[in-house]
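Okay, structure first, notes after.
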Amino acid sequence: MTAYRSVTEAQQCILSHLPMMGSEAVVLHDSLGRVLACDVDANRNHPPYDVSAMDGYAVRFADIEAATAAAPVRLTVVDDIRAGAMPKIKVMQGKAARIMTGAPVPAGADTVIRVEDTNGDGDHVAILLPPKQGVNIRPLGENLRNGEVVLSKGTEITPGVLAILAMVKQKEVAVFARPRVAILSTGDELESMDEPVDENKIPDANSHALYAQCKSLGITPTLLGIAHDNPIELCAKLAEGLKYDVLLASGGVSVGHHDFMRPMLDALGITMHFWRVAMRPGHPLAFGTSKDGTAVFGLPGNPVASMVCFEQFVAPACRSMMGHEQLFRRTIPARLGHDMKDRAGRAHFVRVTLSRDEHGYTATSTGAQGSGVLLSMAMADGFMLIPVESEGIKAGDQVTVQLLQGTDFQEKAFYI
Ligand code: AMP
Ligand code: MG
């Protein structure tokens with residue numbers, strides 16, 4: 001076990017030790033955001049026959065290919081076909097059928113002329129413009145082909161995917177289960193939400209920050225409360241957490257005199273894969289697995305460090321367990337708005353806000369970057385990633401910013 005893992009090594013180590021969740025059936029509307037646990041076949045053709053894509057006239061192309069505005073082709077209208085009705089009359093030479101969008105194309109016809117390109121008087125229609133043969137017809141099975149796989153295992157269910165599931169009548173959908181996650185805060189100095197304010201204590205932020213971060217992944221975690229820096233109490237609470245798929249325990253991970261996390265995880269038989277990651281904030285980060293497959297994260301006590309570690313390690317782990325293929329938060333290129341000194345040796349995640357002009361994004365530090373300064377985390381649009389070897393970056397330099405939740409919306413509409 002090397003002393004410090006790089007962020008990438010730590011992520012790979014975690015992903016290689018995770019169990020995959022089984023599948024469960026959920027009702028269609030509850031499947032949004034989940035991942036399909038098996039392929040889905042189409043149980044019908046859609047459209048079920050060739051249908052018109054326009055309101056207009058179904059014609060035989062051979063009849064109208066010479067039509068011009070100056071010398072229109074006149075056809076006799078023999079039918080009027082609405083969506084939902086079946087055509088009764090075959091279109092013969094010199095004839096046409098009035099047809100609505102979505103209505104089946106009648107036998108004999110091979111082309112639909114838009115109503116805008118015609119002059120109709122009820123019994124007759126003048127075609128003013130020859131289109132290409134076959135246009136304005138949606139062919140049978142264009143959307144779905146009976147018996148073919150329409151959605152494959154591993155697909156994330158977006159509103160568009162859900163619409164297809166509805167079309168193939170999946171009232172219930174097989175998706176990967178979500179991991180059950182337990183959250184534990186540790187430290188004698190911590191005060192829970194339900195305790196009265198004690199000026200000498202520190203309110204427990206991590207339980208709630210981690211709770212919210214889990215929720216952003218679609219997981220409702222269980223809060224195990226606070227364990228004191230006392231081996232027996234810590235051991236009992238950790239043992240409770242090992243009944244879950246994922247245990248997030250924050251604080252007590254460093255090497256301080258009262259940091260009991262490490263010996264207690266050992267005592268509980270957890271196989272530890274690493275203890276430290278070369279990053280700032282967040283270097284005391286531990287990861288292990290229990291015999292029963294629980295993934296155990298020892299997160300740093302400092303609230304910002306704990307949140308950064310969640311985004312880099314816990315979120316990809318949970319997403320992987322739930323069957324997602326895209327595990328990591330999206331990154332974008334930006335320019336730094338100001339000089340920034342740094343120390344080489346660790347990857348640095350700097351909280352930044354983003355602004356945008358015609359040249360692209362500009363990243364600006366949210367201010368004091370101490371790992372306990374939660375306000376600068378609360379205001380952040382994302383993390384600017386400063387690589388391990390960097391000793392600083394200058395205003396105008398290109399940087400990479402990892403977007404945080406909520407940054408997929410913008411103030412102004414974008415119209416092209
Ligand atoms: P530790 O990792 O236990 O040494 O804690 C590092 C720092 O984070 C200390 O200043 C703790 O008071 C603080 N801290 C630990 N746990 C929490 C928590 N759940 N909420 C807020 N601050 C915490
Ligand atoms: Mg502590």
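Since the model is a prediction, treat every value here as computed from it, not as a measurement. Numbering of ligands and ligand atoms starts at 1, following listing order.
Of all the atoms in ligand 1, the ones that sit under 4.0 Å from a non-hydrogen atom of Pro203 are 20 (N), 21 (C). Atom numbering of ligand 1 starts at 1 in the shown order; those under 4.0 Å from a heavy atom of Asn206 are 16 (N), 17 (C), 18 (C), 19 (N), 20 (N). Within ligand 1, counting atoms from 1 as listed, the ones closer than 4.0 Å to a heavy atom of Asp204 are 18 (C), 19 (N), 20 (N). Close approach of ligand 1 to Asn302 (heavy-atom distance below 4.0 Å) involves ligand atoms 6 (C), 7 (C), 8 (O). Near Ser185, meaning under 4.0 Å from one of its heavy atoms, ligand 1 places the atoms 19 (N). Close approach to Pro303 involves these atoms of ligand 1, each under 4.0 Å from a residue heavy atom: 21 (C), 22 (N).
Asn136 pairs by the side-chain hydrogen bond (donor to acceptor under 3.5 Å, both in side chains) definition with nothing, not counting sequence neighbours.
Within 6.0 Å of the CE atom in Met86, the count of heavy atoms belonging to other residues, nucleotides or ligands exceeds 12. Summarising the local packing, CD1 of Ile89 is surrounded by more than 12 heavy atoms from other residues, nucleotides or ligands at distances under 6.0 Å.
The shortest N/O to N/O separation between Asp259 and ligand 1 does not fall below 3.5 Å. Where the criterion is an N or O separation shorter than 3.5 Å, residue side chain and backbone included, Ser207 fails it with respect to ligand 1. Remark: ligand 1 and Ala205 share an N or O pair separated by less than 3.5 Å (distance only, no angle test). In terms of N/O distances under 3.5 Å, ligand 1 is approached by Gly252.
Looking at atom 9 (C) of ligand 1, its nearest protein heavy atom turns out to be Glu189 OE2, 4.0 Å. For atom 13 (C) of ligand 1, the closest non-hydrogen atom on the protein side is Gly301 O, 3.8 Å.
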Run Thr68 and Leu129 through side chain to side chain contact (heavy atoms under 4.5 Å, CB included) and show every step you take.
CA-CA 5 Å; Thr68 64; Leu129 199 103; over 6 Å; no
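Asp381 places a side-chain N or O within 3.5 Å of a backbone atom of Leu354 that can act as its donor or acceptor partner. Side-chain N or O atoms of Gln312 include none that pairs as donor or acceptor with a backbone N or O of Cys309 at under 3.5 Å. Between the side chain of Thr331 and the backbone N or O of Gln402 there is no donor-acceptor pair closer than 3.5 Å. Panel note: side chain Asp245, backbone Arg180; a donor-acceptor pair is recorded below 3.5 Å.
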Let me have the donor-acceptor pairs involving side chains of residues 362-369, under 3.5 Å, with sequence neighbours excluded, atom names and distances please.
unit_1	atom_1	unit_2	atom_2	d
Ser365	OG	Gly367	N	3.1
Ser365	OG	Gly367	O	3.3
Ser365	OG	Gln369	NE2	3.2
Thr366	OG1	Arg351	O	3.2
Thr366	OG1	Ser376	O	2.9
Gln369	OE1	Arg351	N	3.0
Gln369	OE1	Arg351	NH1	3.2
Gln369	NE2	Arg351	O	3.1
Gln369	NE2	Gly367	O	3.1

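When non-hydrogen atoms are compared, ligand 1 lies under 4.0 Å from the side chain of Leu190 (C-beta onward) but not from its backbone.
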